[in-house]
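This report concerns only the one structure given below.
Just so we're clear, the structure is a prediction, and the values are computed from it rather than from any experiment. Chain letters run A, B, ... following the sequence lines, proteins first and then strands; every chain starts at 1.
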Amino acid sequence: MLMPVTSEAFSLLHRGTWALALAERQGLCIDVAYCNKTIRRVERRIENTMGELQDSPLFAAGRKVYGRKFNPASNDHLAQILYSDLGYTPSKKTASGKASTDEESLRATGQADIVKLLECRKLEKIKTTYLGNFLKEQIDGVMHPFFNLNRVITFRSSSSSPNFQNIPNRDPEMKLLARQAIIPRPGHLLLCADYSGAEVRIANSYHHDPTMTTYNKDSSKDMHRDMALELFKLKPPQIIKPVRNIAKGKFVFAQFYGDWYKSCAEGMWQDVLNEDYAKLADGTPLLRHMKKVGIGTPEAFENHVKKVERSFWYTRFPVYAQWKEDWWEAYQNKGYFDTYTGFRCQTVMSRNDAVNYPIQGSAFHCLLWSLCRVTEISIRDNWKSRIVGQIHDEMVLDVHPSELELVVRTLHRVMERELVEHYAWITVPMLADVEGSPVDTPWSQKGKLDLSGIL
DNA sequence: GGAACTCGCCAC
DNA sequence: AAACGTGGCGAGTTCC
């Protein structure tokens, strides 16, 4: 049973449904010509790459077993050929116990043709899930993604037809190929405003750990950097962003979600092996440094991560650790918990579920509350600018240039000031990052708009 | 020929 | 004791 238990929460869902319906009706413009052109280009690239693989050992073995029906896009075929016929050992299994053929497993074989196959997988994803789906969903050059408030166990939202919440962002090539398709209305620009560190700050407002509070109040402090220093035994001048990001993604967030040192150590080790980005400020490979300081083997590193994990929870954030215990205990006694935003979650949950759901849900409610406020202001004041989408802790707007300063100032005021005045339980600052693309340029240009004159 | 499933992979 | 949280979607496959 999931339901609002305060009138405040009830009202948020109603206002949220209305505000998101307006965003859905507005929709986002699609560059149809670009989509068509790029789909054809991507198809040619796939054809060429597949062509290069025709005489490869992988395809030869495939045709021997399946004849003309060999399909390199079939994971069943791939598993049969690689693991039974060519004799590679599967590095892991799927949930149902079959040999896995995901990217990590394929790379682990070291088979020479795999790289090209993975390239094709990536391009297929762009062609079908993104560009193809945009074309299918657009009407007269506008697509209208849905934003659902009733589909997610944690009280987050979901999006569909098309899903606006999983458009490539990390892989630079995929980001460009997919996001060039999304454009502002003629003469407008796309703007986005996201809550930085939303879940960390909302978690902080539940557990009140003093060390975490310091990180969130003092902008000169950097938790992920501090953890990178500890995890890889580095001195401050040695560290650069990619190494910090390994610690952030594979340790800090994983730990917050309930992971443990063994799998964290494995995940980080995979990254450490990639010398393209796992290096120090002077260019030294991170792994070479780790060998020098005695954590340069998987075993030694795992052992070290075990100790870092212990100090992370027992020394650095003991109040947070205790909050997890207390929250889990209270849930087990009552059979439910209530979020600070006024929602009851009464269902069977694991320990990780019970301590993660309230954070994930409440962080989204902060975004939703802000989105409602901005929508109401935009209607009241007859803005030409409109909210057009939302990605959990970020809202996306289609903005008329004459209103740029007004919109940016409103976003900061609502997201940073009004939100924390409204939710008195928020005990650390909430910060909004606003970025945009220049007028008449696609969403791939996010960050290129100069906003330094404003604020 | 469609429903339901598995798997892989994109986002936060 | 347990062991990374939440979604959507396409392709391949199986079942009816």
Side-chain angles (χ1 to χ4, degrees), chain A residues 2 66 69-80 92-106 117-118 120-134 136-137 145-171 174-175 177-179 192 194-200 202-203 249-267 306 309 324-325 328 332 345 349-361 363-364 367 389-396:
Chain A
L2 301 147
Y66 295 100
K69 291 200 165 146
F70 173 60
N71 180 0
S74 159
N75 293 322
D76 290 359
H77 290 198
L78 227 45
Q80 167 70 33
K92 65 174 178 182
K93 295 187 168 181
T94 68
S96 71
K98 288 194 274 185
S100 171
T101 56
D102 66 3
E103 175 168 357
E104 188 193 326
S105 309
L106 293 185
L117 203 66
L118 288 171
C120 290
R121 265 194 189 170
K122 199 165 100 169
L123 294 170
E124 279 289 343
K125 182 91 177 163
I126 289 291
K127 182 191 149 190
T128 56
T129 305
Y130 298 109
L131 301 184
N133 212 15
F134 293 165
K136 199 166 78 188
E137 295 290 344
F146 293 134
F147 297 98
N148 317 293
L149 291 179
N150 57 346
R151 303 283 305 170
V152 181
I153 188 84
T154 62
F155 292 104
R156 259 198 190 176
S157 66
S158 73
S159 170
S160 54
S161 305
N163 182 351
F164 185 64
Q165 295 176 324
N166 71 347
I167 300 169
N169 198 24
R170 293 167 197 172
D171 181 309
M174 291 186 83
K175 177 179 182 173
L177 286 170
R179 295 190 175 217
C192 65
D194 76 293
Y195 275 117
S196 68
E199 289 192 7
V200 172
I202 294 310
K250 299 287 169 70
F251 184 81
V252 177
F253 280 137
Q255 287 287 326
F256 285 165
Y257 285 136
D259 204 1
W260 66 317
Y261 71 91
K262 256 187 204 292
S263 111
C264 288
E266 257 180 56
K306 185 177 181 177
E309 179 189 66
K324 286 192 178 194
E325 287 307 317
W328 169 234
Q332 286 179 294
C345 202
M349 286 175 268
S350 70
R351 185 181 185 279
N352 280 348
D353 292 343
V355 297
N356 280 324
Y357 289 3
I359 309 303
Q360 200 178 95
F364 171 65
L367 185 277
Q390 159 271 126
I391 314 164
H392 308 304
D393 61 4
E394 166 184 358
M395 55 181 121
V396 180

Sequence neighbours excluded, which residues qualify as salt bridge (Lys or Arg N to Asp or Glu O under 4.0 Å) partners of [X]?
X: A/E124; result: none
X: A/K306; result: none
X: A/K125; result: none

Looking at A/F146, I'd like to know if its CZ atom is crowded, meaning that more than 12 non-hydrogen atoms belonging to other residues, nucleotides or ligands lie closer than 6.0 Å.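 No, CZ of A/F146 has 12 or fewer neighbouring heavy atoms, counting only those of other groups under 6.0 Å.
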
Around atom NZ of A/K92, are there more than 12 heavy atoms from other residues, nucleotides or ligands closer than 6.0 Å?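 Yes, because the 6.0 Å sphere around NZ of A/K92 holds more than 12 heavy atoms from other groups.
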
For atom [atom1] of [X] and atom [atom2] of [N], their distance in whole Å:
X: A/E137; N: C/dC9; atom1: CD; atom2: C1'; result: 11 Å
X: A/L149; N: C/dT6; atom1: CG; atom2: C1'; result: 15 Å
X: A/Q390; N: C/dG7; atom1: CD; atom2: C1'; result: 12 Å
X: A/K136; N: C/dG8; atom1: NZ; atom2: P; result: 15 Å
X: A/I391; N: C/dT6; atom1: CD1; atom2: C1'; result: 15 Å
X: A/H392; N: C/dG5; atom1: NE2; atom2: P; result: 16 Å

What residues from residues 150-165 of chain A pass a heavy-atom cutoff of under 4.0 Å to DNA chain B? A/R156, A/Q165

OP1 or OP2 of C/dG5 versus the side-chain N and O atoms of A/Y357: is any pair under 4.0 Å? no

Indicate, with a heavy-atom threshold strictly under 4.0 Å, whether [X] touches base, sugar-phosphate, or nothing.
X: A/K98; value: sugar-phosphate
X: A/N166; value: base
X: A/R170; value: base
X: A/S350; value: nothing

Listed pairs, N/O of protein and of nucleotides 11-14 of chain C, under 3.5 Å:
{"from": "C/dG12", "atom 1": "OP1", "to": "A/N71", "atom 2": "ND2", "distance (Å)": "2.9"}
{"from": "C/dG12", "atom 1": "O3'", "to": "A/S74", "atom 2": "OG", "distance (Å)": "3.2"}
{"from": "C/dT13", "atom 1": "OP1", "to": "A/S74", "atom 2": "OG", "distance (Å)": "2.6"}

What are the bounds, 5' to 3', of the part of DNA chain B that sits under 4.0 Å from heavy atoms of chain A? B/dT6 to B/dC12

